[in-house]
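Single-structure report; data block below.
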Number of protein chains: 2
Amino acid sequence: MTIPLRDTTTAPRRCTHDYQVSCSNCRLGTICLPLALEADAIDQLDEIIQRGRPLQKGDHLYRESDDFKSVFAVRSGSFKAYRTTDDGREQVTGFYFPGEVMGMDGIAKNSHACSAKALETAAVCEIPFNSLSDLSVKMPTLQRHFFQLMSREITEDQQLITLLSKNTAEERIAALMLSISSRNARRKLSATNFRLPMSRIDIGNYLGLTVETVSRVFSRLQKLEVLQVSNKEIEILDLKALQDVANVIIETE
Amino acid sequence: MTIPLRDTTTAPRRCTHDYQVSCSNCRLGTICLPLALEADAIDQLDEIIQRGRPLQKGDHLYRESDDFKSVFAVRSGSFKAYRTTDDGREQVTGFYFPGEVMGMDGIAKNSHACSAKALETAAVCEIPFNSLSDLSVKMPTLQRHFFQLMSREITEDQQLITLLSKNTAEERIAALMLSISSRNARRKLSATNFRLPMSRIDIGNYLGLTVETVSRVFSRLQKLEVLQVSNKEIEILDLKALQDVANVIIETE
DNA sequence: CGGAGCGTTGAGTACTATCAAAACAAGTGG
DNA sequence: CCACTTGTTTTGATAGTACTCAACGCTCCG
């Protein structure tokens, strides 16, 4: 499960490990770029992607206001994206798991709008944006897919907005657990048993709650036998109930 | 100020009104698509844009789950975008003023992720997405600009996320007033005197507050002589103070 | 083993929501 | 033009959810 790499802060550019894979044989398949592309197209994409950047827990992939050069697809491990507010506080804007693409917020101003930090040992595919643009011009399908990827990021942000704007602490936590569950399922991992890579602090920050509230909600959901929580290990005991909690039950009429 | 069009539900396709303008002589200039394009490019863009769709207050430009065909640039008037949550409630995701582009959330799934409703009499430029895609392939600059536009939408959503996650009612209202103020300024309108096109309900919905709270905050800011509020008419009396309210003063150390 | 950071739990508080009522504005039809 | 309806906005009283402050148990790692 964990990556067979460690301690390679200065990663050797090419070695024979599994991160050497190409897009065509990547086990993440079509998750990262939902490409129903011809083999030829995949090869071209493959050309521009730079692999082999293992990061340790706590390492930054990029920082806010860094020059924007590339977007990144997570290959293994996980990341949090966050921005620093005017008054110095941190706002977590998203968590990223294998197959998901980060950094598109940097396109607007040619500098990253948020920082990305590894929550555990992690590896990414770096996709230089200029090359991607150029290739998109030649390959309308790729352009379309990338538009879709960005659009999806927009709709996901809007879902979070709704969550923050309308939902209670329990609903927010339940929604996050369900989100992580389904993203796991997409990668053929267990939808009911998983380990949270992020701290309670990050969860609270992301969901607009304090750590204490997050902790209390977990305790409550455990008491209700909806979740089994043991530190970062989560087991969904009652999926239906969890969905009910998330869905806002309110049936006034 | 209001548009010289009314009652044209079935808008005549071509008439001699001012909405006949082309991109090259549009007084919104580079606001909508920040195009530093060559004249030739602008003409090509102009070709694909469909104008003359005046809407009345309350009319929908598109609805959630409508087929996605186009994005829209606001020409006059204003819109709110909203999505309906699973339990039937409404979540306002944004307000759109002249020069701003709506509908990019629809690209991901080829159907609109939210509805767009005119807050007052309004007109738009419709930009068919397929044509835009095709043109982008031929014009890398246009592709780049459109990527940037989408990226900007992402960063703006993230700002709203931060606002909802971290800020008090007063801070949220202040931030919205400042946002509207600066968007007005960009269009060479007054940054201190303006009319809110949306209701208190919409403001509250957008900012994750109840109507009552919105109203109370306006009253308080008025008492503090930061704002002059008279129904929908807003005057910013003390910009500095308003920025202080928005910026989270908290200077613990 | 001990410290540092993380996570949990408790008590009290505060901000915002909820409920309720009334003033006000806008639109309709007689 | 006015009575009437409907929806919006404001204000007040009360309640509840989540925050703050505080203490303590747990983990991880040097």
Side-chain angles (χ1 to χ4, degrees), chain A residues 2 6-7 56-58 80 89-90 92 117 119-121 163-176 195-223 227-234 245 248-250 252, chain B residues 2 6-7 56-58 80 89-92 117 119-121 163-174 195-223 227-234 245 248-250 252-253:
Chain A
T2 39
R6 53 192 59 205
D7 224 1
Q56 298 301 306
K57 174 175 179 174
K80 73 169 173 181
R89 286 178 305 180
E90 187 175 294
V92 175
K117 195 182 206 175
L119 294 170
E120 57 195 315
T121 310
L163 198 67
L164 293 174
S165 176
K166 298 251 174 310
N167 295 7
T168 64
E170 302 209 347
E171 289 161 359
R172 297 181 204 185
I173 298 275
L176 178 60
R195 181 169 210 284
L196 298 175
M198 71 294 278
S199 69
R200 299 286 193 269
I201 298 174
D202 289 334
I203 294 177
N205 193 311
Y206 177 65
L207 295 176
L209 302 168
T210 58
V211 200
E212 294 94 323
T213 302
V214 173
S215 182
R216 276 186 254 270
V217 170
F218 274 131
S219 300
R220 239 176 287 156
L221 291 179
Q222 183 157 226
K223 194 167 291 172
L227 292 182
Q228 178 64 249
V229 184
S230 149
N231 210 344
K232 308 215 166 186
E233 222 60 53
I234 301 284
V245 174
V248 186
I249 315 106
I250 301 178
T252 336
Chain B
T2 38
R6 54 192 58 204
D7 224 2
Q56 298 301 306
K57 173 175 179 174
K80 72 169 173 181
R89 286 178 304 181
E90 188 174 294
Q91 170 67 46
V92 175
K117 195 183 206 176
L119 294 170
E120 57 195 315
T121 310
L163 199 67
L164 293 173
S165 176
K166 299 252 173 309
N167 295 8
T168 65
E170 302 209 348
E171 289 160 359
R172 298 181 204 185
I173 299 276
R195 181 168 210 284
L196 298 176
M198 71 294 278
S199 69
R200 301 284 194 270
I201 298 174
D202 289 334
I203 293 178
N205 192 311
Y206 177 65
L207 295 176
L209 302 169
T210 58
V211 200
E212 294 94 324
T213 302
V214 173
S215 181
R216 276 185 253 270
V217 170
F218 274 131
S219 301
R220 239 176 286 157
L221 291 178
Q222 183 156 226
K223 194 166 291 172
L227 292 181
Q228 178 66 251
V229 184
S230 147
N231 209 346
K232 310 217 165 185
E233 222 61 53
I234 301 283
V245 174
V248 187
I249 315 107
I250 301 178
T252 335
E253 43 196 306

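If you're wondering where the values come from, they're calculated on a predicted model, not measured in any experiment. Every chain is numbered from 1 and lettered A, B, ... according to where its sequence line falls, protein lines coming before strand lines.
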Which heavy-atom pair separates [X] from [Y] by the least distance, and what is that distance?
X: B:Pro197; Y: B:Glu120; result: CB-OE2, 3.4 Å
X: A:Val211; Y: A:Arg200; result: CG1-CB, 3.8 Å
X: A:Arg172; Y: A:Gly208; result: NH1-O, 3.4 Å

In whole angstrom, give the distance that lies between atom [atom1] of [X] and atom [atom2] of [N].
X: B:Ile173; N: C:dC15; atom1: CD1; atom2: P; value: 16 Å
X: B:Glu233; N: C:dC24; atom1: CD; atom2: P; value: 19 Å
X: B:Arg220; N: D:dT9; atom1: CZ; atom2: C1'; value: 16 Å
X: A:Leu164; N: D:dT17; atom1: CG; atom2: C1'; value: 16 Å
X: A:Leu196; N: C:dC6; atom1: CG; atom2: C1'; value: 14 Å
X: B:Gln222; N: D:dT9; atom1: CD; atom2: C1'; value: 13 Å
X: B:Phe218; N: D:dT8; atom1: CZ; atom2: P; value: 16 Å
X: A:Leu163; N: D:dA18; atom1: CG; atom2: P; value: 12 Å

Quick check for you: to the nearest 0.5 Å, what is the distance between [X] atom [atom1] and [Y] atom [atom2]?
X: B:Lys80; Y: B:Leu119; atom1: NZ; atom2: CG; result: 7.0 Å
X: B:Leu209; Y: B:Ile201; atom1: CG; atom2: CD1; result: 13.5 Å
X: A:Leu227; Y: A:Gln222; atom1: CG; atom2: CD; result: 8.0 Å
X: A:Leu176; Y: A:Ile203; atom1: CG; atom2: CD1; result: 6.0 Å
X: B:Ile234; Y: B:Leu221; atom1: CD1; atom2: CG; result: 9.5 Å
X: B:Leu207; Y: A:Leu164; atom1: CG; atom2: CG; result: 12.5 Å

4.5 Å side-chain heavy-atom contact, A:Lys232 and A:Ser199 =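 Yes, close enough: below the 4.5 Å cut-off.
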
* Looking at A:Arg195 and A:Glu233, does any basic side-chain N land under 4.0 Å from a carboxylate oxygen? ->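 A salt bridge links A:Arg195 with A:Glu233.
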
Under 3.5 Å, side-chain donor or acceptor atoms of residues 213-220 of chain A against the rest of the protein: list the pairs with distances, not counting sequence neighbours.
| from | atom 1 | to | atom 2 | distance (Å) |
| --- | --- | --- | --- | --- |
| A:Thr213 | OG1 | A:Thr210 | OG1 | 3.0 |
| A:Ser219 | OG | A:Ser215 | O | 3.0 |
| A:Arg220 | NH1 | A:Glu170 | OE2 | 2.5 |

**Message:** Given 3.5 Å as the limit, does a donor-acceptor pair link the side chain of A:Asn205 with the main chain of A:Glu90, or not?
**Reply:**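 Side chain of A:Asn205 to backbone of A:Glu90, a donor-acceptor pair under 3.5 Å: yes, one is there.
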
- Item | Members of residues 197-213 of chain B that approach DNA chain C, where some heavy atom sits under 4.0 Å away |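 B:Gly208, B:Leu209, B:Thr210, B:Glu212, B:Thr213 - these, ordered by number, are the residues of the stretch whose heavy atoms sit under 4.0 Å from the strand.
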
Using atom names, set out every protein N or O paired with an N or O of nucleotides 28-30 of chain D below 3.5 Å, distance rounded to 0.1 Å.
none

Salt bridge (Lys or Arg N to Asp or Glu O under 4.0 Å) partners of B:Glu212, counting only residues at least two apart: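 B:Glu212: no salt bridge (Lys or Arg N to Asp or Glu O under 4.0 Å) contacts found.
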
Check: protein-nucleotides 13-15 of chain D nitrogen or oxygen pairs below 3.5 Å:
none

Here DNA chain D, pairs taken as Watson-Crick or G-U under 3.5 Å and shown with ( ), [ ] when crossing and | when to another strand, reads ||||||||||||||||||||||||||||||

query = Between B:Lys232 and D:dT9, is there a side-chain N or O to OP1/OP2 distance below 4.0 Å?
reply = yes

